[in-house]
Structures are given as structure tokens and as C-alpha cells.
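So the structure is just underneath, and the comments pick up after that.
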Amino acid sequence: MLFGKVRGTVVSTRKDASLVGIRFLLVEELDSRFGGTGRFVVTADAVGAGPGEVVLYASGSSARLTDVTKDRPVDAVLIGIVDQVDAEGTLVYDKAAPGGDPSAQARPR
Amino acid sequence: MLFGKVRGTVVSTRKDASLVGIRFLLVEELDSRFGGTGRFVVTADAVGAGPGEVVLYASGSSARLTDVTKDRPVDAVLIGIVDQVDAEGTLVYDKAAPGGDPSAQARPR
Amino acid sequence: MLFGKVRGTVVSTRKDASLVGIRFLLVEELDSRFGGTGRFVVTADAVGAGPGEVVLYASGSSARLTDVTKDRPVDAVLIGIVDQVDAEGTLVYDKAAPGGDPSAQARPR
Amino acid sequence: MLFGKVRGTVVSTRKDASLVGIRFLLVEELDSRFGGTGRFVVTADAVGAGPGEVVLYASGSSARLTDVTKDRPVDAVLIGIVDQVDAEGTLVYDKAAPGGDPSAQARPR
Amino acid sequence: MLFGKVRGTVVSTRKDASLVGIRFLLVEELDSRFGGTGRFVVTADAVGAGPGEVVLYASGSSARLTDVTKDRPVDAVLIGIVDQVDAEGTLVYDKAAPGGDPSAQARPR
């Protein structure tokens with residue numbers, strides 16, 4: 001799975017019939033510091049994510065293993081909203097912190 | 001799924017027998033500003049897209065999950081025509097606008 | 001699917017038993033102008049392509065959906081020989097033209 | 001499979017229901033000298049790996065072939081902890097050596 | 001399929017139970033001139049390849065289509081040992097030649 005940030009939504013009226021009712025999100029791939037890479041993927045949404053949320057998405061045939069996407073022609077699905085990421089024993093992402101940056105919490109304002 | 005723009009069509013007479021009747025479209029991958037990247041993929045067409053349309057296409061085994069492509073040896077299928085894309089609360093693509101650029105609508109001519 | 005040009009053949013005597021009888025072709029990936037990229041893939045051949053022909057090949061699990069490759073451990077298969085490619089209403093590849101270049105036909109010699 | 005190093009863990013509370021109980025690890029891809037590449041992937045954990053361990057992970061549909069990940073929407077799974085890697089007849093990685101570097105064992109301190 | 005050269009072996013004691021008995025090889029991807037690219041992949045071995053041999057390997061779900069790898073969580077398998085490669089009517093790789101280079105055979109020593 002890769003980290004992404006929900007940037008927006010995609011509307012398609014004329015589409016494969018099996019896709020009716022699926023919500024398509026515009027997701028930007030994130031780098032190791034949770035910054036945007038400028039590369040985008042459109043994912044189906046299996047968890048009800050909102051704009052700005054850092055998420056995990058799965059690609060390929062695995063994208064069809066959620067209830068929302070089963071047997072549908074989608075190759076990417078948002079499977080979870082990220083709460084916290086720990087690296088080398090340090091919290092490097094915390095959804096509850098400003099901008100997701102744990103160190104930002106400790107900074108004086 | 002990725003965004004692409006339909007650039008043309010591909011004709012193949014001698015092909016795997018299961019592919020007879022499938023329409024092959026030449027699709028250019030788009031960057032985050034909906035500009036062409038110069039990279040092309042040939043997709044099966046499940047929605048009846050026309051030249052110049054911005055589309056969503058799925059890759060891999062998911063490309064075989066439409067009625068058109070079921071059990072056929074194709075690894076990319078056009079699954080939807082894009083009407084609108086919203087990013088950070090702003091409309092960044094609108095099929096109804098000139099060139100798909102929503103800001104172009106407001107410009108004097 | 002991607003465009004490729006058949007460059008040669010690959011002989012492997014010691015191989016997985018299920019691959020006996022499959023013809024392996026050396027295929028060079030092509031860029032958007034049908035020039036070689038220097039990147040090669042080895043594909044199974046489902047259509048009887050010959051050297052120098054511009055072809056379409058499918059990758060991944062879809063490569064196992066032809067009669068030739070069914071249930072075999074191959075991840076790329078040549079599925080069609082390209083006759084013509086139209087882009088933006090202009091013929092950009094024509095198998096019948098010298099070097100596949102439609103504009104070459106009109107040139108004086 | 002690719003080599004990776006376990007860097008940390010990822011916590012997601014709101015996720016696809018089928019993912020409850022799966023442990024998500026933050027894994028950095030390694031280069032040929034077992035150094036970090038700065039590229040990260042989030043994998044399910046099928047072997048109980050710990051931070052700093054060099055591991056093998058599988059991607060795509062194969063990521064669903066472990067007992068832990070069967071039928072779940074994951075596209076990467078950690079399948080083994082690497083003990084030793086031999087290249088050209090030389091031990092190039094040894095878990096038991098300091099930093100995994102076999103030549104480090106012989107160096108005077 | 002891609003060309004690779006067997007560079008070594010990988011030992012993993014703690015691994016998914018289904019992988020016991022599979023031999024893991026360290027394979028370097030080759031460029032179009034059969035030189036190393038510095039990129040490595042770890043493949044299961046379905047043919048009994050030895051160090052230094054030029055091989056074909058398949059990736060993705062197709063890697064599970066050999067007897068050795070059936071239903072196991074592997075995403076790359078070595079499916080054949082390359083004997084000869086012909087490009088544009090010229091032998092460009094010959095296992096029997098020194099270093100695999102056919103032109104090397106004709107050189108005086």
C-alpha cells in the first residue's frame with residue numbers, strides 16, 4: 001500500500017454500468033515526509049475519506065477485495081485513513097497534530 | 001485509475017481471436033494539470049469515448065471486469081468519461097468549459 | 001496495451017515444462033513516434049508476428065488469456081499486429097507505408 | 001520479491017472491515033548494497049518482523065496468498081526475514097553481523 | 001518476461017510457512033546489451049538455475065503458475081535459462097560463447 005492525500009473528487013456520468021454508486025477520489029501520492037509528489041491517482045473510496053486526509057490505498061487486483069469494489073473494474077481503492085505513523089521509534093505522522101506533523105504540537109506559537 | 005485523453009484509434013486485423021469487436025483507443029496519459037505527458041497506452045473502450053475526451057482508465061486484471069473485456073487478453077480499459085474534477089474545493093477540470101479549463105469560461109474574448 | 005516492435009527471438013531449452021511450444025519474441029518498446037526506446041521485453045507470441053512488425057502486447061495476468069498462454073507462467077503476450085494508428089485525425093502509422101511512416105509515401109524519390 | 005527494511009508501523013483505525021487485525025509495517029525499499037532508497041511501501045506483516053530487520057516482501061495479487069492476508073485488499077506483504085544474501089560467492093548481507101555487513105565483523109575496532 | 005542474471009542466493013529462515021522448500025535467487029536485471037543494470041529482484045527458482053546464468057523471469061500473478069510456486073506468495077519466478085537471443089537476424093547472446101558474447105568467439109586470442 002502507498003500513502004496518499006485526498007485532494008478532491010472526480011465526477012464521471014458516462015461510465016461502465018458496474019461503477020454506478022462508487023465514489024471516485026483524486027489522491028496525491030505522498031513522499032516519505034508526507035509531502036505531495038505531484039503524482040495523482042484516482043481511487044475508489046471504501047472508507048468514506050474526506051479532503052485533506054492521509055490515507056492508505058491498494059492497487060491492482062487487490063483493489064477489488066473490498067465490499068464496495070468487488071468485481072468492478074477499478075485498480076485502486078482507498079482502504080484506510082492513517083492515524084499515526086511511527087518510524088525508528090519516533091512519531092512522524094499524527095493525524096491529530098497540526099498539518100499531521102507531531103513536532104508542530106510542541107512548537108510555541 | 002489514471003486520467004488520459006483519447007488521441008486516436010488503433011487498427012489491428014491480425015490479432016487474438018477473442019479481441020474481434022473490441023475498439024482500441026490511443027490514450028495519452030495526463031499530468032496533474034490535465035496536460036499531455038507524451039506517454040501513450042492503448043486501451044479497450046468500454047464506454048464509447050470520442051477523440052479529445054478526458055477519461056479514466058483502469059489497468060491490470062481489473063481491465064477485464066467490464067462486459068466488453070471479460071476474459072479477454074487486455075490490460076487497460078477505458079471505464080469512464082470525466083465530467084468534472086474538484087481539487088482543494090476548486091473546480092480544476094470541467095468538460096463543459098473551453099479546453100476543459102474552468103477558469104477559461106470567465107475570460108473575456 | 002503498449003506498442004512494441006519485434007526485434008528477434010529468444011531460445012530457452014531448459015525452462016518450465018508448461019512453456020514447451022511457446023514462441024518467445026524479443027520486443028522493443030516504442031515511443032509515441034514509433035521509435036525504439038531501448039527497453040526490451042520478452043513476450044509470448046499469440047498471433048505469429050514476424051521481425052520488424054509493430055505489435056500490441058498485453059502484460060500481467062491478462063497475458064494468460066490467449067489460447068496459447070492459458071495457465072502458463074508468462075507475463076507478457078503479443079496480442080495483435082498493428083495495421084494503422086490514427087492520432088488527432090491523422091494517420092501516424094501505416095504498416096503499408098515505407099518504415100510505417102504514412103508521410104513517406106508522398107515523398108518523391 | 002524485493003528487499004526492504006522495516007522502519008516503523010502504521011496505525012489506521014478507520015479502515016476496510018476486512019483489515020482488522022492486520023499489522024501494517026512501514027518498509028523502506030533497499031538498493032543493491034542494502035542501503036535505503038528513500039522510497040517507502042506499507043506492507044501487511046505475515047511473519048512478525050521487527051524494526052530494523054531486512055525483509056523480503058511480495059507485491060500485487062501474490063500479497064494475498066498468506067494466511068494473514070487471504071482475500072483481503074492488500075497489495076504488499078512481508079513474507080520473510082532475510083538471514084543471509086550471497087552474491088558472486090561472497091556473503092554480502094548477514095543478519096548476525098553488525099549492521100548486516102559481513103566485512104564489518106573482521107574489522108579491528 | 002525480462003532478462004536477468006543470477007547473482008546469488010537469499011536465505012530466509014523465518015518466513016511464511018508456504019515458502020519452505022522454495023529456492024530464492026538474487027537476480028540482476030539486464031539491459032538490452034545483457035549488461036547489469038544494478039537493479040535486483042529476488043525470484044523463486046522453477047528451473048534450477050546456477051550463478052552467472054542469463055535467465056527469463058516472470059512477474060506478478062504469473063509467477064504462481066509453475067509447479068514450484070503454485071498458490072504461494074511469490075511475485076517473481078525464474079522460468080527459463082536463456083540459450084540464445086537473436087536480434088535483427090544477428091546472434092546477440094549465446095550461452096556457449098565466452099561471456100555470452102557471440103562476437104567474442106571469433107576473436108584471436
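Residue numbers start from 1 in every chain, and the chains themselves are labelled A, B, ... in the order their sequence lines are given, proteins ahead of strands.
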Minimum heavy-atom separation for [X] and [Y], please, with both atom names.
X: B:Ala44; Y: B:Ile22; result: CB-CG2, 3.7 Å
X: C:Ala87; Y: B:Leu26; result: CB-CD2, 4.0 Å
X: B:Ala49; Y: B:Val55; result: CB-CG1, 4.1 Å

Name the option with the most non-hydrogen atom pairs under 4.5 Å to chain B; the candidates are C:Val85, C:Val68, C:Ile81, C:Val77.
-> C:Ile81
CE of C:Met1 to CG of B:Leu25: how many Å apart, nearest 0.5 Å?
-> 9.5 Å
Between chain C and chain B, donor-acceptor distances below 3.5 angstrom:
| residue | atom | partner | partner atom | Å |
| --- | --- | --- | --- | --- |
| C:Met1 | N | B:Val42 | O | 2.8 |
| C:Met1 | N | B:Asp75 | OD1 | 2.6 |
| C:Met1 | O | B:Val42 | N | 2.8 |
| C:Val47 | O | B:Arg14 | NE | 3.4 |
| C:Gly48 | O | B:Arg14 | NH2 | 2.3 |
| C:Ser59 | N | B:Asp75 | OD2 | 2.7 |
| C:Ser61 | OG | B:Arg64 | NH1 | 3.0 |
| C:Ser62 | OG | B:Arg64 | NH1 | 2.9 |
| C:Ser62 | OG | B:Val74 | O | 2.8 |
| C:Ile79 | O | B:Asp16 | N | 2.8 |
| C:Ile81 | N | B:Ser12 | OG | 3.4 |
| C:Ile81 | N | B:Arg14 | O | 2.9 |
| C:Ile81 | O | B:Ser12 | OG | 2.8 |
| C:Asp83 | N | B:Val11 | O | 2.8 |
| C:Asp83 | OD2 | B:Thr13 | N | 2.6 |
| C:Asp83 | OD2 | B:Thr13 | OG1 | 2.5 |
| C:Gln84 | N | B:Val11 | O | 3.3 |
| C:Gln84 | O | B:Val11 | N | 2.8 |
| C:Asp86 | N | B:Thr9 | O | 2.9 |
| C:Asp86 | O | B:Thr9 | N | 3.0 |
| C:Glu88 | N | B:Arg7 | O | 2.7 |
| C:Glu88 | OE2 | B:Arg7 | NH1 | 2.9 |

Turns out that what part of C:Ala63 lies under 4.5 Å from chain B's heavy atoms comes down to neither
Below 4.5 Å from any heavy atom of chain B, which atoms of C:Ile79 appear? Answer side chain, backbone, both or neither.
-> both
Looking only at B:Pro73, B:Ala76, B:Gly38, B:Gly8, the option with the highest number of non-hydrogen pairs under 4.5 Å against chain C is B:Pro73
Partner chain C: residue of B:Val6, B:Val27, B:Val74 with the largest heavy-atom pair count (under 4.5 Å) | B:Val74
Any side-chain heavy-atom pair from B:Val42 and B:Phe40 closer than 4.5 angstrom?
-> no
